[in-house]
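This report concerns only the one structure given below.
So you know, we letter chains A, B, ... as the sequences are listed, proteins then strands, and number each from 1. Not measured: the values here are computed from a predicted model. These values consider heavy atoms only, across backbone and side chains, with no hydrogens, waters or symmetry-generated copies.
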Protein chains: 2
Amino acid sequence: MELRHLRYFVAVAEAGSLTVAAQNLHTSQPSLSRQIRDLEDEIGVQLLGRSARRIELTAGGRAFLDHARAVLTQAEAGAEAARRVAHPAKPCFAMGFLTGHELTWMPEALQILRDELPNIDVMISSQYSPLLADGLSKGKIDAAFLRRERGMPELAFRPLVKEPLMVILPIDHRLAARKAISPGDLVGETFVTVSATAPVLRLVIDNYLKRSGLNITPAHERIISRWECP
Amino acid sequence: MELRHLRYFVAVAEAGSLTVAAQNLHTSQPSLSRQIRDLEDEIGVQLLGRSARRIELTAGGRAFLDHARAVLTQAEAGAEAARRVAHPAKPCFAMGFLTGHELTWMPEALQILRDELPNIDVMISSQYSPLLADGLSKGKIDAAFLRRERGMPELAFRPLVKEPLMVILPIDHRLAARKAISPGDLVGETFVTVSATAPVLRLVIDNYLKRSGLNITPAHERIISRWECP
DNA sequence: TTCGCTTACGTGGTCCGTAACAATG
DNA sequence: CATTGTTACGGACCACGTAAGCGAA
């Protein structure tokens with residue numbers, strides 16, 4: 001038994017399918033199938049129930065899954081513990097920013113850190129809001145400036161600013177001359193909204209449009225894959 | 001990182017030397033050295049302090065060692081848990097008997113189990129005494145009727161019966177007519193004793209013959225590979 | 001000089017990817 | 001008939017073993 005088998009098995013269990021698990025693992029599906037079979041042969045228990053059209057965990061597989069996850073996290077924790085002990089015992093403060101918003105907060109934050117904790121390493125990370133929240137909950141980031149992600153009860157959010165929603169138009173657009181635009185004016189326009197990598201902001205915009213009585217269907221949207229403030 | 005790396009590292013840490021660890025692992029010393037180095041490269045921490053003449057664990061190595069041991073035991077526990085869940089499913093009482101002695105105790109034991117634990121699966125295993133003791137100490141058997149094996153401090157033995165030593169003869173043998181036979185009468189006979197798979201009984205017989213002043217050498221024995229009461 | 005770890009290098013096992021096959025909805 | 005998992009097979013990589021190198025006792 002090797003950690004590879006456990007990684008593969010966990011991926012299969014979480015994906016519920018050999019095919020998609022193989023894609024997630026960036027390997028081929030037959031190879032994955034073979035590795036799972038080898039694992040089953042070694043521990044002498046059938047972990048997956050095969051039905052030629054789909055797979056499902058057996059009772060033994062469910063019992064094994066918890067242990068496999070624990071083994072993988074423990075192995076990673078061991079490496080992390082070794083790094084923490086071996087590497088300098090120098091305290092390091094990791095800070096996260098929304099991509100494109102670094103200049104909004106970083107100068108002031110760095111100055112405060114320099115004043116209050118002069119003998120500290122500062123690590124900066126720029127990510128999308130969900131990745132920042134993930135880093136916070138995993139302890140990889142000590143503090144971050146991000147949006148209020150839902151489903152993260154272990155995180156404490158404190159509002160710092162309210163951001164106005166803006167519409168950006170070509171200079172020669174029919175609405176460009178106006179001082180203010182009401183949601184109704186946008187009906188019929190090709191609407192470029194933010195990508196799904198910023199779900200909170202996306203939700204705010206969608207809710208605002210919905211409250212205004214508009215029904216911007218997906219047909220009116222163009223999803224952009226990367227959103228950066230100019 | 002693979003479990004192989006962890007197994008190797010634990011072996012090296014316990015042996016305190018690459019050479020003897022390689023012998024214990026049945027692999028070559030250069031290969032082991034390379035694997036340890038790969039592990040160090042992957043987690044980015046030097047685990048062993050090399051002094052060209054001997055090695056010792058670094059601080060990071062000591063921190064990693066505990067986790068590595070935990071990972072290995074957890075992996076093994078996962079396999080064992082899967083087997084326990086998959087195979088029995090019901091509470092299962094495993095009972096062991098000496099081969100050939102099942103009928104002596106099984107009926108009464110089964111009746112007691114049926115009365116006190118009606119909703120339980122009973123598993124019966126017939127083995128030689130050492131294998132039964134091994135199964136008991138590994139938790140594969142809950143209780144067994146066997147001989148008092150030595151070197152098993154984790155087992156509790158309770159005497160149930162004393163078995164007389166018997167000599168079995170052909171009906172036309174010169175000693176067959178006697179009511180009792182003294183050890184001295186056996187001198188010169190071709191002696192069929194029990195196999196080495198029953199070391200305790202064998203020891204009892206040998207000691208008895210020795211106390212009687214006899215010297216039944218191996219030349220007078222024929223080792224039988226299987227012993228069963230007729 | 002010897003012992004113990006490292007480096008170099010050729011070989012074999014095995015893991016992987018492509019392809020063909022089987023089965024089920 | 002298309003999708004999903006299995007079997008077959010050729011290739012590449014990596015771990016292993018042998019041999020040579022290096023440094024300290």
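Considering only heavy atoms from C-beta on, A:Ile141 stays 4.5 Å or farther from A:Phe93 through its side chain. Between B:Leu6 and B:Phe64, the closest side-chain pair of non-hydrogen atoms falls below 4.5 Å.
Using a 4.0 Å cut-off between a side-chain N of Lys or Arg and a carboxylate O of Asp or Glu, B:Asp38 and B:Arg34 qualify as a salt bridge. A salt bridge between B:Arg62 and B:Glu56 is absent, with no side-chain N of the basic residue lying under 4.0 Å from a carboxylate O of the acidic one.
Near-neighbour residues of DNA chain C inside residues 40-51 of chain B, defined by a heavy atom below 4.0 Å, number-ordered: B:Arg50. Applying a 4.0 Å cut-off to non-hydrogen atoms, the residues of residues 17-24 of chain B that approach DNA chain C are B:Ser17, B:Leu18, B:Thr19, listed by residue number. Applying a 4.0 Å cut-off to non-hydrogen atoms, the residues of residues 54-63 of chain A that approach DNA chain D are A:Ile55, listed by residue number.
With sequence neighbours left out, the ring pair (Phe, Tyr, Trp, His ring centres under 6.0 Å) criterion links A:Phe145 to A:Phe97, A:Trp105. The salt bridge (Lys or Arg N to Asp or Glu O under 4.0 Å) test applied to B:Asp66 returns no partner, not counting sequence neighbours. Listed by chain and number, the residues in a salt bridge (Lys or Arg N to Asp or Glu O under 4.0 Å) with B:Glu76 amount to none (sequence neighbours excluded). In this view, A:Thr104 satisfies the side-chain hydrogen bond (donor to acceptor under 3.5 Å, both in side chains) rule with no residue, not counting sequence neighbours.
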Scan the side chains in residues 18-25 of chain A for donor-acceptor partners under 3.5 Å anywhere in the protein, sequence neighbours excluded, and list what turns up.
from    : atom 1 : to      : atom 2 : distance (Å)
A:Asn24 : ND2    : A:Val20 : O      : 3.4

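Residue pairs meeting the ring-ring contact (aromatic ring centres under 6.0 Å, His included) criterion with at least one member in residues 11-62 of chain A, sequence neighbours excluded, do not occur. Annotation: side-chain hydrogen bond (donor to acceptor under 3.5 Å, both in side chains) contacts involving residues 42-54 of chain B, sequence neighbours excluded, comprise B:Glu40-B:Arg50. Applying the side-chain hydrogen bond (donor to acceptor under 3.5 Å, both in side chains) test to residues at least two apart or on different chains, the pairs with a partner in residues 2-17 of chain A are A:Glu2-B:Arg7, A:Arg4-A:Gln35, A:His5-A:Gln35, A:Arg7-B:Glu2, A:Glu14-A:Arg69.
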Letter per nucleotide, 5' to 3', of nucleotides 14-20 of chain C [B base touched, S only sugar-phosphate touched, - untouched; heavy atoms, 4.0 Å]: -SSBBB-
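Taking side-chain N and O atoms only, A:Arg37 has no distance below 4.0 Å to OP1 or OP2 of D:dG5. Taking only side-chain nitrogens and oxygens, A:Ser33 comes nearer than 4.0 Å to OP1 or OP2 of D:dT6.
B:Ser129 and B:Glu149 form a side-chain donor-acceptor contact under 3.5 Å, judged by distance and modelled atom types alone.
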